[in-house]
Amino acid sequence: MSLGSAIFIVAMSFVTAAISGVFGMAGGLMLKGALAFVLPVSATFFTHGVLQFVANGWRAALHRQHVAWGIVARFALGSFVAAGLMVFVALQPTKAGLFLLMGLVPGLVWLPQTWVKVDASRPGQAFVCGLVVTGINLTAGVAGPILDVFFVRTALTRHQIVATKAATQVFSHLMKILVYGAPLLAVHGAGLPPWWVFALAIPVAMLGTAAGGVLLNRLSDIDFKRYLRLILTVIGLVYLAQAAHLFLTGQA
């Protein structure tokens, strides 16, 4: 790996952690795409899983008084079931396919609320949320907008939403580390960034998360949802454009 690529990964770890610290999502989607520009597809899943595991875990710790632990427990159960099922499914998209999937996922934030009536605060639906979100996380690499669909109808405040989603994503990304990490370690980590990149990116992501928490306190609930939808839409369009470029140039 070149020094430029290493610096890029570390810098994006801070930026994307800060964005997720504000909105509880979007940052992970940005980071996954950034990694896809400089790493092989399989390595992006593991690297993204490690960095997001830390960022989400730290965000949940910072806002632990706002976490709805009942939702987290049921989500975790669904997450473990999804990972168990995915172990038997050999599915890994090409780079073009990965950008296509990442570009389509943000479109879910525009679904009318009357079309999908789910609520993560309901016990059964929290389990389904863990099952679906982790399953998509293990195939598309990101599932933030889908997770958001389950939280948009809850009566939680923006602080509770950010904190609870962060805690649930700890389990979702842990499953990604386990499912993709074992095959990579079997080939001595081929394609992964060197250890020192992780050593730098992890504390930098924690700093970004803390910075995002400061900005979160300055947003109203209305602006929180408005800006989140705008950011996700822009990211989705960029990824769709990249997917089209890869398909048209025969790099799919």
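Here F150 contributes atom CZ and C129 contributes atom SG; the two are 5.0 Å apart, rounded to the nearest 0.5 Å. Here the NE2-CD1 distance, from H48 to I177, works out to 11.0 Å after rounding to the nearest 0.5 Å. Rounding to the nearest 0.5 Å places CE of M175 at 13.0 Å from CE of M86. Rounding to the nearest 0.5 angstrom, the gap separating the CZ atom in R74 from the OG1 atom in T168 is 13.5 Å. One distance of note links CZ of R158 with NE2 of H66; it measures 9.5 Å at 0.5 Å rounding. Of the inter-residue distances, the one linking N137 atom CG with Q52 atom CD reads 9.0 Å to the nearest 0.5 angstrom.
Shortest non-hydrogen contact noted between A201 and L51 is CB-CD2, 3.6 Å. The heavy-atom pair separating N56 from K165 by the smallest distance is OD1-O, 4.5 Å. Taking both residues in full, the closest heavy atoms of S5 and V38 are given as OG-CG1, 4.0 Å, listed atom of the first, atom of the second, then distance. The nearest pair of heavy atoms linking G49 to H173 is O-CB, 3.6 Å. Taking each heavy atom of A82 and G135 in turn, the nearest pair found is CB-N, 3.9 Å. Residue V197 comes nearest to V10 through the heavy atom pair O-CG2, 4.1 Å, listed as atom of the first residue, atom of the second, then distance.
Remark: side-chain polar atoms of T164 are not paired, donor with acceptor, to backbone N or O of I161 under 3.5 angstrom. No donor-acceptor distance shorter than 3.5 angstrom exists from the side chain of R122 to the backbone of V118, with no hydrogens or angles considered. No donor-acceptor pair under 3.5 Å is formed between the side chain of H63 and the backbone N or O of V162. Formation of a donor-acceptor pair under 3.5 Å by the Y180 side chain with backbone atoms of T47 is not found in this model. Checking side-chain atoms of S13 against main-chain N and O of I9 turns up a donor-acceptor pair under 3.5 Å. Distance alone, capped at 3.5 Å, places no donor-acceptor pair between the K95 side chain and the V41 backbone. S20 places a side-chain N or O within 3.5 Å of a backbone atom of G27 that can act as its donor or acceptor partner.
There is a path of hydrophobic side-chain contacts, each under 4.5 Å, that joins F8 to F198. V214 and L62 are members of different hydrophobic clusters when ILVMFWY side chains are connected at heavy-atom separations under 4.5 Å. I7 and L207 fall within a single hydrophobic cluster, where Ile, Leu, Val, Met, Phe, Trp and Tyr are joined by side-chain heavy atoms under 4.5 Å apart, directly or via other members. At a threshold of 4.5 Å between side-chain heavy atoms, the hydrophobic network of Ile, Leu, Val, Met, Phe, Trp and Tyr places L237 and M30 in two separate groups. Residues F247 and L101 are members of separate hydrophobic clusters, defined by side-chain heavy-atom contacts under 4.5 angstrom among Ile, Leu, Val, Met, Phe, Trp and Tyr.
Looking at F75 and Q169, their side chains come closer than 4.5 Å, going by heavy atoms from C-beta outward. Proximity of S121 to I71: side-chain heavy atoms (C-beta onward) are separated by under 4.5 Å at one or more points. The closest side-chain heavy-atom distance from L240 to L104 is below 4.5 Å. Annotation: side chain of Q242 is not in contact with side chain of V238 (no heavy-atom distance under 4.5 Å).
For the side chain to side chain contact (heavy atoms under 4.5 Å, CB included) criterion with F45, the lone passing option out of V50, L98, L138, L39 is L98.
Cation-pi geometry between K176 and F53 is not met: the NZ or CZ atom fails to fall both under 6.0 Å from the ring centre and inside 45° of the normal.
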(message) side-chain contact (heavy atoms from CB on, under 4.5 Å), that's the test. Do T134 and F171 meet it? Break it down for me.
(response) CA-CA 8 Å; T134 301; F171 290 95; over 6 Å; no
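Ring orientation note: the planes of F99 and Y239 are nearly perpendicular, at an angle over 60° on the 30°/60° scale.
Under a cut-off of 6.0 angstrom, the local environment of CH2 in W195 is sparse, with at most 12 non-hydrogen atoms contributed by other residues, nucleotides or ligands.
At a cut-off of 3.5 Å, with distance as the only test, no side-chain donor of D119 or T154 sits close to an acceptor on the other residue.
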